[in-house]
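Inspection log for the structure reproduced underneath, given as structure tokens.
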Amino acid sequence: PPPGVSEGERAYEGEIFRLGAHSARLVRSAAALGFALPASAAEIDASCRQVLAANRIIDGYVRPVAWRGSEEMSVAAPASRIHLAIAAWPWPSYFTPQAQAEGVRLAWARWRRPPPDCAPVAAKAGGHYVIGTMAKHEAMERGYDDGLKLDWRGRVADATGANIFFVKDGEVHTPLADCFLNGLTRKTVIGMLEEKQIKVHERHIMPEEMEGFEQCWLTGTAAEVTPVGEIDDLSFTVGDISKWMMDDYDKAVGKDTNGAQSAAE
């Protein structure tokens, strides 16, 4: 099937968090796949707001998606018309409140991130999520909440739809985003850590290093900031830095203190 790109955006109190950055990335993702969108980033911003309002959603999720049409049913489809659609729906917490409080459980995934010369890794493209879907399904079948992937070199990469952070001796370590999506929430959280003058190491992390880490959390538009309690047989505490990041992120997005998500009447 023809390739497509998408965004995942959260709305809090009727406002889409970092909407402009999401729309700009959608434009870049399409360009990475070789096509131009039929609307500018500013026009996509406006359309996302209109869809949210038309559906009377106050707290929810917004999904712009663009794809090549069916005029040319082959691998090469340069003359196909580009379609752009935007969906929105009420959205609860990605993980259960208990999992958020105690930390989610991750399982090592057998699927790995490919090298950057095998896929447009900086694009939020549909094909990348096949690996994530299979890894998450397998993790859930084993009783875990999500899967944690390695890259093609055997280094720690990311979860199925979220980036990952670790804490050791008061400093934060996160895998270098050289073969997976450098998430907008990841960037937001790194900025928050730097504002708190907490040292952040963006680097290659090997699985055997993880025994020495004390705290762990995931970041993503859907996951927000979610602590990790277990990765297979490794355990992590929901410590101060994890709690600070959850609280600071909730304040930044304007989320209510109970984390409630609702649709307008």
Side-chain angles (χ1 to χ4, degrees), residues 1-9 18 20-37 41 44 63-68 75-78 82 84 94 106-139 146-166 172-191 200-207 209-210 216-224 226 228 231:
V5 296
S6 67
E7 279 298 317
E9 306 164 2
R18 299 200 65 181
H22 280 289
S23 297
R25 186 171 65 181
L26 187 69
V27 172
R28 293 195 304 271
S29 292
L33 269 64
F35 63 87
L37 299 183
I44 296 168
R63 172 77 75 192
V65 58
W67 68 97
R68 292 185 185 274
V75 173
I82 305 303
L84 174 65
Y94 190 57
L106 307 184
W108 285 110
R110 64 189 176 98
W111 301 99
R112 296 191 176 194
R113 283 291 184 194
D117 58 355
C118 290
V121 297
K124 193 172 173 65
H128 298 332
Y129 286 86
V130 173
I131 296 171
T133 297
M134 292 188 295
K136 188 173 180 74
H137 286 178
E138 290 178 1
D146 205 350
L148 178 60
K149 301 188 300 300
L150 299 174
D151 68 14
W152 85 100
R153 299 161 294 196
R155 296 166 174 167
V156 178
D158 59 353
T160 63
N163 297 122
I164 194 163
F165 289 77
F166 302 96
V172 173
H173 303 255
T174 188
L176 187 66
D178 60 357
C179 65
F180 55 85
L181 195 68
N182 183 7
L184 295 177
T185 308
R186 178 182 185 272
K187 295 176 185 177
T188 298
V189 168
I190 288 174
V200 180
H201 303 273
E202 296 185 70
R203 64 179 183 85
H204 295 130
I205 298 173
M206 298 303 294
E209 293 182 65
M210 291 172 51
C216 178
W217 68 79
L218 302 177
T219 63
T221 299
E224 301 171 299
T226 296
V228 174
I231 301 176

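From a predicted model like this one, the values you see are computed outputs, not experimental measurements.
For Trp217 against Val189, the heavy-atom pair with the smallest separation is NE1-CG1, 4.0 Å. Considering every non-hydrogen atom in both Gly154 and Pro207, the closest pair reads O-CD, 3.3 Å. Among all heavy-atom pairs drawn from Arg112 and Ile131, the shortest one is O-CD1, 3.6 Å. Residues Ala135 and Ala109 approach most closely at CB-CB, 3.7 Å, considering heavy atoms. Between Pro114 and Val121, the shortest heavy-atom distance links the atoms O-CG1, 4.4 Å. Closest approach of Gly8 and Thr221 over heavy atoms only: O-CG2, 3.2 Å.
Here the CG-SG distance, from Leu150 to Cys179, works out to 10.0 Å after rounding to the nearest 0.5 Å. Between the CG atom in Leu181 and the NE2 atom in His128 there is a gap of 8.0 Å [rounded to 0.5 Å]. One finds the CZ atom of Arg153 at 4.5 Å from the CG atom of Asp178 (value rounded to the nearest 0.5 Å). Within the model, atoms CZ of Arg186 and CZ of Phe180 stand 5.5 Å from one another, a figure rounded to the nearest 0.5 Å. Here the CG atom belonging to Leu106 is positioned 5.5 Å from the CG atom belonging to Leu218, to the nearest 0.5 angstrom. Expressed to the nearest 0.5 Å, how far NE2 of His173 lies from CD1 of Ile205 amounts to 7.5 Å.
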- Message: One pair to check against side-chain hydrogen bond (donor to acceptor under 3.5 Å, both in side chains): Glu7 and His22. What are the steps and the verdict?
- Response: CA-CA 6 Å; Glu7 279 298 317; His22 280 289; 2.6 Å; yes
- Message: Go through it in stages, so that I can follow the logic: the residues are Leu33 and Val5, the test is side chain to side chain contact (heavy atoms under 4.5 Å, CB included), and I'd like the CA-CA distance, side-chain angles, deciding distance and then a yes or no.
- Response: CA-CA 8 Å; Leu33 269 64; Val5 296; 3.8 Å; yes
- Task: Might you work through the side chain to side chain contact (heavy atoms under 4.5 Å, CB included) test for Leu176 and Glu202, ending with a clear yes or no?
- Result: CA-CA 5 Å; Leu176 187 66; Glu202 296 185 70; 4.2 Å; yes
- Task: Decide salt bridge (charged side-chain N to carboxylate O under 4.0 Å, His left out) for Glu209 and Arg203; before the verdict, give the C-alpha distance in whole Å, the side-chain angles of both, and the deciding distance to 0.1 Å.
- Result: CA-CA 12 Å; Glu209 293 182 65; Arg203 64 179 183 85; 2.7 Å; yes
- Given the rule in the side chain to side chain contact (heavy atoms under 4.5 Å, CB included) test, do Trp111 and Thr160 qualify, once you have shown the distances and angles that lead to the verdict? CA-CA 10 Å; Trp111 301 99; Thr160 63; over 6 Å; no
- Stepwise side chain to side chain contact (heavy atoms under 4.5 Å, CB included) check, Val228 with Leu148: CA-CA 11 Å; Val228 174; Leu148 178 60; over 6 Å; no
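Between Thr174 and His201, every side-chain heavy-atom pair lies at or beyond the 4.5 Å cut-off. Contact check for Arg113 versus Trp152: no side-chain heavy atoms found under the 4.5 Å cut-off. Under the 4.5 Å side-chain criterion, counting only non-hydrogen atoms from C-beta, Leu26 is in contact with Leu37. Annotation: side chain of Glu224 is not in contact with side chain of Thr219 (no heavy-atom distance under 4.5 Å). Side-chain contact between Ile190 and Phe165 is present, with heavy atoms from C-beta onward closer than 4.5 Å. Looking at heavy atoms from C-beta onward, Asn182 lies in side-chain contact with Lys187 at the 4.5 angstrom threshold.
Remark: the backbone N or O of Gly20 is not paired with any side-chain donor or acceptor of Ser23 at under 3.5 angstrom. The main-chain N or O of Lys124 is found under 3.5 Å from a side-chain atom of Ser29 such that the two form a donor-acceptor pair.
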